[in-house]
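Single-structure report; data block below.
As the structure is a computational prediction, the values presented were derived from the model and not from experiment.
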Amino acid sequence: MSSVTKQARAVAINPTRACAPMGAMLAAFGVHGAITINHGSQGCATYPRHQMARHFREPIEVATTSLTEKTTVYGGKSNLLAALKNIWERFQPTMIMVCSTCLSETIGDDIPAIIDEFLDKNPEVDIPIISVKTPSYVGTHTTGFDNFLKEVALRLPARRAKNDAGNGKVNLVPGWVNPGDVRELKAMLREMGVDTIWLTDYEETLDGGYYEPRPHLPRGGTSVAELRDSSRSLATIALQRYIGGEAAKVYQQRHSVPSHILPMPIGLANTDKLLDTLSQVTGKPIPAAVQVDRARLLDALVDTHMFTTGLRVALYGDPDLLEGLTRLVAEMGMQPAFVLTAADNGPWGNTMLALAEELGVECEILMKADLHELHKRIKANPVDLLLGHSKGKFISDAEDIPLIRVGFPVEDRFGYHRRAIVGYNGATYLVDEITNAVFARRATAVVSNTLLEVGVEGPTDVPMGCGCGGG
Amino acid sequence: MQFKCNQNLPERAVHIALKGPDGGCKRGDGSGCFIASNVASTPGDMTERGCTYAGCRGVVGGPVKDAIQLTHGPIGCAFFSWGYRPHLADSDFHMKYTFVSDMNESNIVFGGEKKLLQCIVEASQEFPDAKAVFIYNTCATALIGDDGRDVAKQAEELIGKPVVFFECEGFKGVSQSQGHHVGNETIFRQLVGSVEPEGDFSRTINIVGDYNIKNDMRTFEPLFEAMGVRILTRFTGNVSVEDLKIMHKASLNVVHCQRSATYIADMMKDKYGTPYINVTLWGIKHMSDALRQTAAFFGLEAEAERVIEAELAKIMPQINYYRQRLTGKKVFIYQGGPRTWHWIELLRELGMETMFAATTFGHDDDYRKIFDQIADGALVVDNPNVPEIEEILSVHKPDLFISGNKEKYVAYKLGVPFVNGHTYDTGPYAGFSGMVTFARDIDKALHAPIWKLLRSHARSAPLRPGA
């Protein structure tokens, strides 16, 4: 029987989550020409910038209101007003996003009121300025991303005229993914001939090219005009329930744009769901090229199943990512022995239990948990593989278990932000990557195909307790 | 000297200065006053500065290898400060683990003291071999008024080992520099001198203000030892809690980072009468001086000369090779504080001149040291922000930019060769042998074929469809 456990310990040791402001900052990079002002201590901007630079290997430029001891006594209003003015005058951004922090929330700054005061005093400012609540003591980094999307959905779309014919586009909310994922999704939608408004799109802003001269604003990102127009779309499709799902509902409630909230499209069945939904919404058939990609994924699953079936894996990261990955590893015949997240999310736990039952796998679902807890579980009940971000490398090193890097941050390898794990091609990539990790582990001295296949006949030292694997 | 990007930010002018031909300081506001520093950043100017917590947890406390590094606050501060700064030691507990009291909304409303106490006890049960618990306070827990000092005292009785509480809430100062001060003061007050070991300490020194970035210490420790001097305590690279407790026994403090660690040298001088010398452990002249000064204190001058001669014999052929490849290059150094002035002489020894110098959190004394050494006509900027850095890189086009990881990708997008001076590209860079590594990395950065390829092949950005 699968189960949901909440970690009992008060102290978090090696957390698998960061804080909310970073999520809002990341999402804002998906709006062309937008600039973030982080209203708090300088570290609240500099630390996430540093973290994102290590993952994306791109300039990460974010402003801070530089609150100091004095402002904690008198409030941060004058700093925020000055920052808004300086950003407006110096950069001419297309949008400003102000996110809060522990500090500005605890001293009680009323950010929306300060923004209103700024707009009153500066009538020439004709860009949207939105405020996103992101104290670190609520939720995780995903909360900031989700709150940003909700705020965009509430504030930016224009009111829809009566009898408006619509723009024929689909609003797509990919959630917390990599630029490579957005690129893969774009390729599918292009092939299908679906016009899309992305909420949001950092495919190029956070994985940009080298140009001479350097463009004034980074290429890419959804324009504010597109966001204004998003109330006229055919539908909103959110690809992560907990990052963007609420925003999709806002479109439905406010603008009668139907919302579809799907599991993250990782693996065969989840990607099928996305394409079926797209097809249903737009009336367009699933294009041949995408069907070929799908068949290639099935072929890869067939080719690799003898190496992957029955392996025990541990997954950790954000809820939506884990839901998608769990289905993929089950499709590969693997046993998701531990599925661990930092979020304290009851509905997700129930979804995961139902998913485990549907897939016929047995897993322990750990919520509100950290990587130290995962390490202890793995010591007691070993696994063959780890799937998650770079912070799991300490477990991987200590236990000599291969780590398949997915999620955020991947800071100890190069170029993972360019890779896609969504869609059929993303799944095929993961199937290859996982299988190769098994090969590398079990047959390090491979010199020929024969030797290789002798070396990887499957897990030998771990009991196979898997409903799908033959144990 | 004016920046184009500062048209609407006149307040930045006092932080920008040229070194005049007479050696004086010509400030951006036209006055003859010295460059302004260590004051609050202009809100929204896109400063690169961090917070007090970062200076304390990240720089001073974080390298202590056998302490539990526990952040008292919400999750983010602990996540971001975990495991990326390569302050290495001969063990890696401090790199692998981060601990946090993980304050949630109800803790913020009702107070976090109970939870903190529980966290300390749990953490020390999970890791019984740790020798102390270091607690770092954050913005949120400081604002709600948690009495961390009191919790630390209670916890100390419960777990029977030092619990050190750092009051380093992020908003406390104008930059991370304040965090260094808190770190020094707290370690001094709570640990230094708490045990009195027996033994002969007459020929011992502390290396103060080196954090063993990428094992910098391996380059110079053997040299001090070869002169007959024993290193007692390293503050704080590759240091144990026990080492910190006995550091007051050393005969001499050798202070390397004079921004982040002079505080403790001063406090030890006041309380224990321990003398200190200021040194730079990068570059030929400075490293030699450091050994000579230390030797002079102990009467080991002949030994010092022997060590220096042997080391120079080893490195000079390589240094000479790199010098002829690097001569004439103009450099922009932007570091946290002292490295900017530490490296002016080193780069000169490699034939290069620093024409642009900036620090994130330098104080007046740091800028005096820059002006003392830097070439006439050089541009000096205090707490530069992103547009200013971009303007220096794109308008003044230095041959080389030495800075940190965040700035690296800005330089690369502008096609400027870059060396990571914060955490090093391949490191270590200190001492004599490290200088060869430094020179090799600079050579690689300057002469990699990519720059030729960019000049001949880069194109302008294509227009967005529909734009």
Side-chain angles (χ1 to χ4, degrees), chain A residues 9-15 17-19 21-22 37 40-44 46-51 53-54 57-61 63-69 71-72 79-80 82-84 86-87 89-90 101-103 106-107 135-138 140 209-215 219 372 394 411, chain B residues 5 8-9 40-51 53-54 70 74-76 78-81 84 96-105 107-108 115 118-119 122-123 126 138-140 143-144 170-175 386-387 405-406 409-410 413-415 454 458-461 464:
Chain A
R9 191 161 19 85
V11 66
I13 307 176
N14 292 0
R17 73 183 219 265
C19 65
M22 184 169 64
I37 298 176
S41 287
Q42 286 164 158
C44 304
T46 303
Y47 266 133
R49 285 180 61 199
H50 216 295
Q51 182 67 66
R54 295 202 295 277
R57 300 178 195 269
E58 290 283 342
I60 304 289
E61 299 176 359
T64 165
T65 53
S66 300
L67 297 187
T68 59
E69 201 142 29
T71 51
T72 66
N79 281 48
L80 179 51
L84 285 165
N86 290 336
I87 291 294
E89 290 180 350
R90 218 167 170 214
T101 58
C102 299
L103 176 52
T106 311
I107 62 178
S136 176
Y137 49 74
V138 178
T140 74
Y210 182 88
Y211 302 111
E212 271 180 20
R214 185 188 183 202
R219 271 176 57 86
H372 182 58
F394 300 122
E411 53 195 356
Chain B
C5 64
N8 296 310
L9 281 185
S41 314
T42 305
D45 79 348
M46 295 228 174
T47 177
E48 302 279 345
R49 277 179 170 174
C51 62
Y53 167 88
L70 171 59
I75 203 88
F79 187 85
F80 296 128
S81 56
Y84 78 89
K96 280 184 180 170
Y97 286 96
T98 194
F99 300 75
V100 52
S101 62
D102 194 6
M103 292 284 108
N104 58 33
E105 202 161 13
N107 301 141
I108 295 297
K115 190 174 185 188
Q118 194 187 342
C119 287
E122 287 174 353
E126 290 286 317
T138 61
C139 295
L143 287 169
I144 62 171
F171 58 77
K172 204 166 195 174
V174 300
S175 71
V386 173
N405 207 36
K406 289 195 307 306
Y409 300 105
V410 177
K413 279 281 186 278
L414 293 167
L454 286 184
R459 295 177 182 168
S460 61
R464 300 180 84 204

Residue part contacting chain B, namely of A:Thr46, when any heavy atom lies under 4.5 Å: both
Distance, nearest 0.5 Å, that separates SG of A:Cys44 from OH of B:Tyr53: 11.0 Å
Residue A:Ile13 versus chain B: region with a heavy atom under 4.5 Å: both
Nearest atoms (heavy-atom pairs only) where A:Tyr47 meets B:Ser81: OH-CB, 3.5 Å
Proximal component of B:Val410, with respect to chain A [non-hydrogen, under 4.5 Å]: both
Structural part of A:Leu103 lying under 4.5 Å from a heavy atom of chain B: both
Side chain / backbone / both / neither for B:Thr138 at chain A, heavy atoms under 4.5 Å: neither
Parallel, tilted or perpendicular: rings of B:Tyr84 and A:His50 (30°, 60°): tilted
From B:Lys406 atom NZ to A:Gln51 atom CD, the distance as rounded to the nearest 0.5 Å: 12.5 Å
Region of B:Glu126 that comes under 4.5 Å of a non-hydrogen atom in chain A: side chain
Contact origin within A:Pro135 toward chain B - heavy atom pairs under 4.5 Å: neither
4.5 Å side-chain heavy-atom contact, B:Phe99 and A:His372: no
Distance-minimising heavy-atom pair for B:Glu122 and A:Ala10: OE1-N, 2.8 Å
B:Ser101 portion near chain A, given a 4.5 angstrom heavy-atom threshold: backbone
Residue selection (most heavy-atom pairs with chain A, distance under 4.5 Å) from B:Gln118, B:Met46, B:Glu48: B:Met46
Pick from B:Thr42, B:Asp102, B:Val174, B:Val100 with the largest number of heavy-atom pairs that fall under 4.5 Å of chain A: B:Val100
Side chains of B:Glu105 and A:Val138 in contact at under 4.5 Å (non-hydrogen atoms): yes
Choice from B:Lys172, B:Lys115, B:Arg459, B:Lys96 maximising heavy atom contacts with chain A below 4.5 Å: B:Lys96
Pairing residues for B:Phe171 by the ring pair (Phe, Tyr, Trp, His ring centres under 6.0 Å) criterion, not counting sequence neighbours: none
Side chain to side chain, B:Thr98 and A:Asn14, heavy atoms closer than 4.5 Å: yes
Check: B:Thr47/A:Gln42 side-chain N/O donor and acceptor closer than 3.5 Å: no
Which of A:Gly40, A:Pro59, A:Cys19 touches chain B most, by non-hydrogen pairs under 4.5 Å: A:Pro59
A:Ser136 and B:Ile75, any side-chain heavy atoms less than 4.5 Å apart: yes
Heavy-atom proximity to chain A below 4.5 Å, by part of B:Asn104: both
Smallest separation among heavy atoms of B:Tyr409 and A:Ala53, with atom names: CE1-O, 3.7 Å
Interatomic distance, A:Phe394 atom CZ to B:Tyr97 atom OH [nearest 0.5 angstrom]: 9.0 Å
Under 4.5 Å from any heavy atom of chain A - which part of B:Arg49: both
Pairs of heavy atoms under 4.5 Å with chain B: top-ranked of A:Ala18, A:Pro21, A:Ala82, A:Pro215: A:Ala18
Interface residue of largest heavy-atom contact number with chain B, from A:Thr140, A:Thr64, A:Thr101, under 4.5 Å: A:Thr64
Interface residue of largest heavy-atom contact number with chain A, from B:Ser41, B:Ala40, B:Ala140, under 4.5 Å: B:Ser41
Segment of B:Ile108 engaging chain A (4.5 angstrom heavy-atom cut-off): side chain
Set of ring pair (Phe, Tyr, Trp, His ring centres under 6.0 Å) partners for A:Tyr211, sequence neighbours left out: none
Which atom of B:Cys5 lies closest to which atom of A:Arg90, heavy atoms considered: O-NE, 2.8 Å
Largest heavy-atom contact set with chain B, pairs under 4.5 Å, which of A:Thr72, A:Thr71, A:Ile37: A:Thr72
Which atoms of A:Pro15 approach chain B - backbone, side chain, both or neither, heavy atom under 4.5 Å: both
Partner chain B: residue of A:Glu89, A:Met22, A:Arg57 with the largest heavy-atom pair count (under 4.5 Å): A:Arg57
Part of B:Cys51 within contact of chain A (heavy atom distance under 4.5 Å): both
Side chain, backbone, both or neither of A:Arg9 within contact of chain B (heavy atoms, under 4.5 Å): both
Part of A:Glu61 within contact of chain B (heavy atom distance under 4.5 Å): both
Among A:Ile107, A:Asn86, A:Thr106, residue most engaged with chain B (heavy-atom pairs, under 4.5 Å): A:Asn86
